[in-house]
Amino acid sequence: MEKIEYDAKYFNPEHTLDCGQIFRFEPFKDGYIVFSGDKACYVHTDGIKTVVESEDSDYFYNYFDLSRDYSKIVELAKSYNIPLLSRSSESCSGLRLLNQQKEEMIYSFIISQNNNIPRIKGIISRICGGLGKKKEFMGREYYTFPSTSALASAGVEFYKNIGCGYRDKFLDETAKRIALEGISHLEKLDTSSLKKALLTYKGIGGKVADCIALFGFSKRDSFPVDTWIERIYREDFGGTLTDPKKICEYFLELFGENSGYVQQYLFYGKRSSL
């Protein structure tokens with residue numbers, strides 16, 4: 001087992017995992033087990049250090065974005081002099097944006113639409129249990145996230161039977177399309193072009209496309225707008241727009257290439273009543 005140690009001020013597992021960007025994790029010992037694709041790690045805070053234990057240290061070093069200096073991002077966020085953003089970025093300085101697997105994020109955020117986090121996690125867990133491969137990590141059995149070929153061959157009845165609701169057809173059709181086309185063509189696109197391309201997949205609307213771009217393709221100039229962000233826009237920015245697309249454009253113009261970091265600070269801060 002390999003270990004990575006990092007300054008806990010700029011890597012807080014709870015803040016990082018509890019801000020809506022990841023669904024495959026669970027409490028374990030003094031921290032959490034995190035699952036990504038077919039890999040797992042144990043992450044916990046020990047005094048002033050956050051520790052990541054895994055058999056894939058290079059993978060999780062990139063996954064947790066540990067090569068990036070978040071002290072500069074926090075200071076940049078505070079420099080906008082927006083009270084909620086200043087409070088949130090200071091209190092949640094350990095919140096990091098993850099570099100997650102692209103295909104896993106496409107399917108996960110299709111599931112997320114009009115859904116709550118416990119139910120999203122349950123559906124994804126059942127998909128992994130039904131189509132993934134059984135593995136073990138630190139004495140704990142888990143199932144890998146399935147390959148697209150497994151998802152494409154499962155059939156719409158599988159998704160219906162595990163409680164996906166109307167999303168069953170979206171998952172089935174998108175998996176079959178990706179099985180045929182792959183996603184390498186998406187990886188070459190800039191953020192605007194990527195979002196337009198994602199909107200052509202079944203079950204992907206504007207907010208879901210922004211989430212996939214931000215959390216799956218690491219497009220930090222993305223700003224997903226959900227009901228929490230709409231509330232922040234009204235209450236903390238004095239906004240009067242009602243169209244989520246226009247609200248997204250407003251924030252992108254304001255925060256540019258740093259939009260994704262700001263979005264997470266604002267979202268987590270508001271939800272935590274900071």
Side-chain angles (χ1 to χ4, degrees), residues 2-22 25 30-34 36 39 41-54 56-101 105 190-191 210-211 213-226 228-229 232-233 236-237 248 250-274:
E2 302 167 324
K3 288 187 178 182
I4 303 169
E5 293 186 346
Y6 202 87
D7 182 357
K9 178 176 173 61
Y10 295 106
F11 183 11
N12 182 308
E14 180 182 357
H15 294 171
T16 298
L17 300 175
D18 193 36
C19 60
Q21 62 178 320
I22 176 177
F25 69 95
D30 297 322
Y32 304 88
I33 287 186
V34 177
S36 177
K39 297 175 174 60
C41 74
Y42 170 44
V43 58
H44 60 102
T45 298
D46 181 9
I48 62 172
K49 298 289 185 182
T50 290
V51 182
V52 181
E53 300 182 39
S54 75
D56 302 279
S57 59
D58 288 345
Y59 178 87
F60 283 106
Y61 187 87
N62 176 67
Y63 182 85
F64 289 112
D65 203 29
L66 297 181
S67 64
R68 197 178 309 277
D69 183 356
Y70 273 62
S71 67
K72 295 179 180 178
I73 295 171
V74 170
E75 290 307 311
L76 177 66
K78 290 161 66 175
S79 74
Y80 288 105
N81 294 316
I82 297 167
L84 174 62
L85 181 56
S86 296
R87 294 194 305 271
S88 301
S89 56
E90 180 62 33
S91 299
C92 305
S93 61
L95 192 163
R96 305 184 73 87
L97 284 178
L98 304 174
N99 294 311
Q100 302 189 71
Q101 291 199 354
M105 290 300 97
D190 61 28
T191 305
D210 278 319
C211 287
L214 179 56
F215 304 129
F217 288 78
S218 300
K219 299 294 190 182
R220 302 318 193 205
D221 53 340
S222 303
F223 203 104
V225 174
D226 67 352
W228 279 100
I229 294 297
I232 289 165
Y233 169 72
D236 298 275
F237 289 80
C248 177
Y250 166 83
F251 281 120
L252 288 174
E253 184 174 351
L254 188 58
F255 299 116
E257 63 182 11
N258 303 301
S259 291
Y261 303 106
V262 171
Q263 195 269 1
Q264 286 289 274
Y265 290 137
L266 291 172
F267 173 82
Y268 195 81
K270 192 70 168 182
R271 207 177 62 170
S272 303
S273 301
L274 295 177

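For the single chain, residues carry numbers from 1 onward in sequence order.
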Determine whether more than 12 heavy atoms belonging to other residues, nucleotides or ligands lie under 6.0 Å from atom CG of D69.
yes
Taking all non-hydrogen atoms of both residues, which atom of Y6 and which atom of L66 are closest, and how far apart?
CE1-O, 3.4 Å
Can you see which heavy atom on P13 is nearest to which on T45, and at what distance?
CD-OG1, 3.3 Å
Between C41 and D56, does a side chain to side chain contact (heavy atoms under 4.5 Å, CB included) hold up when you go through it step by step?
CA-CA 8 Å; C41 74; D56 302 279; over 6 Å; no
For the atom pair CZ (R96) and CG (L17), what is the distance rounded to the nearest 0.5 Å?
12.5 Å
Using atom types as modelled and distance alone, determine if a side-chain donor or acceptor of S222 lies under 3.5 Å from a backbone N or O of G260.
no
Minimum-distance pair of heavy atoms, taken over all atoms of C92 and H15
CA-ND1, 3.7 Å
S67 side chain reached by N62 side chain, heavy atoms, under 4.5 Å:
no
Working note: K219 + D190, criterion salt bridge (Lys or Arg N to Asp or Glu O under 4.0 Å); need CA distance, chi angles, decisive distance, verdict.
CA-CA 8 Å; K219 299 294 190 182; D190 61 28; over 6 Å; no
Any heavy-atom pair between the side chains of Q101 and S36 that's under 4.5 Å?
yes
Shortest non-hydrogen contact between T16 and Q21, atoms and distance
O-NE2, 3.1 Å
Measuring from atom CG of N99 to atom CZ of R68, what distance do you get when rounded to the nearest 0.5 angstrom?
7.0 Å
Applying side chain to side chain donor-acceptor pair (under 3.5 Å) to D221 and T191, what does each step give before you reach the verdict?
CA-CA 7 Å; D221 53 340; T191 305; 2.6 Å; yes
Any donor-acceptor pair under 3.5 Å from S259 side chain to G256 backbone:
yes
Anything under 30° is parallel, anything over 60° is perpendicular, the rest tilted; go ahead and classify Y63 against F60.
perpendicular
Would you mind reporting whether D65 and L98 have side-chain heavy atoms less than 4.5 Å apart?
no
Chi angles and distances behind the side chain to side chain contact (heavy atoms under 4.5 Å, CB included) call for Y250, F223
CA-CA 10 Å; Y250 166 83; F223 203 104; over 6 Å; no
Hey, are Y10 and T50 close enough side-chain-wise for a donor-acceptor pair under 3.5 Å?
no
E2 side, atom CD; Y59 side, atom OH - distance, nearest 0.5 Å:
15.0 Å
Show your working on side chain to side chain contact (heavy atoms under 4.5 Å, CB included) between Y233 and L266 and close with a plain yes or no.
CA-CA 10 Å; Y233 169 72; L266 291 172; over 6 Å; no
Let's go through D236 and I82 carefully: what are the C-alpha distance in whole Å and the side-chain angles of both, what is the deciding distance for side chain to side chain contact (heavy atoms under 4.5 Å, CB included) to 0.1 Å, and is it a yes or a no?
CA-CA 8 Å; D236 298 275; I82 297 167; 5.6 Å; no
Aromatic ring proximity, centroids under 6.0 angstrom, H44 and Y32:
no
I'd like to check N12 versus L95 (side-chain heavy atoms, cut-off strictly below 4.5 Å). Are they in contact?
no
Please give me the minimum heavy-atom distance between L84 and G269, naming the atom from each residue.
CD1-C, 4.2 Å
A side-chain contact here means heavy atoms from C-beta on lying under 4.5 Å apart; do W228 and R271 qualify?
yes
Please identify which of these residues, N258, I73, L97, meets the side-chain contact (heavy atoms from CB on, under 4.5 Å) condition with R220.
L97
Is the side chain of Y42 donor-acceptor paired with the backbone N or O of D30 at a distance under 3.5 Å, no angle test?
yes
Out of F64, Y265, Y261, F11, which one pairs with Y70 under the ring-ring contact (aromatic ring centres under 6.0 Å, His included) rule?
Y261
Determine the minimum heavy-atom distance between L85 and A77, stating which atoms define it.
CD2-O, 3.4 Å
Could you walk me through whether E75 and K78 satisfy the salt bridge (Lys or Arg N to Asp or Glu O under 4.0 Å) test, starting with their C-alpha distance in whole Å, then the side-chain angles of each, then the deciding distance to 0.1 Å, before giving a yes or no?
CA-CA 5 Å; E75 290 307 311; K78 290 161 66 175; 3.5 Å; yes
Between atom OG of S57 and atom CD1 of I4, what is the distance when rounded to the nearest 0.5 Å?
5.0 Å
Atom CD of E257 with >12 non-hydrogen neighbours under 6.0 angstrom
no
Looking at side-chain heavy atoms only, is the closest gap between I22 and Q100 below 4.5 Å?
yes
Donor-acceptor pair, distance only, cut-off 3.5 Å: does the side chain of E53 make one with the backbone of K3?
no
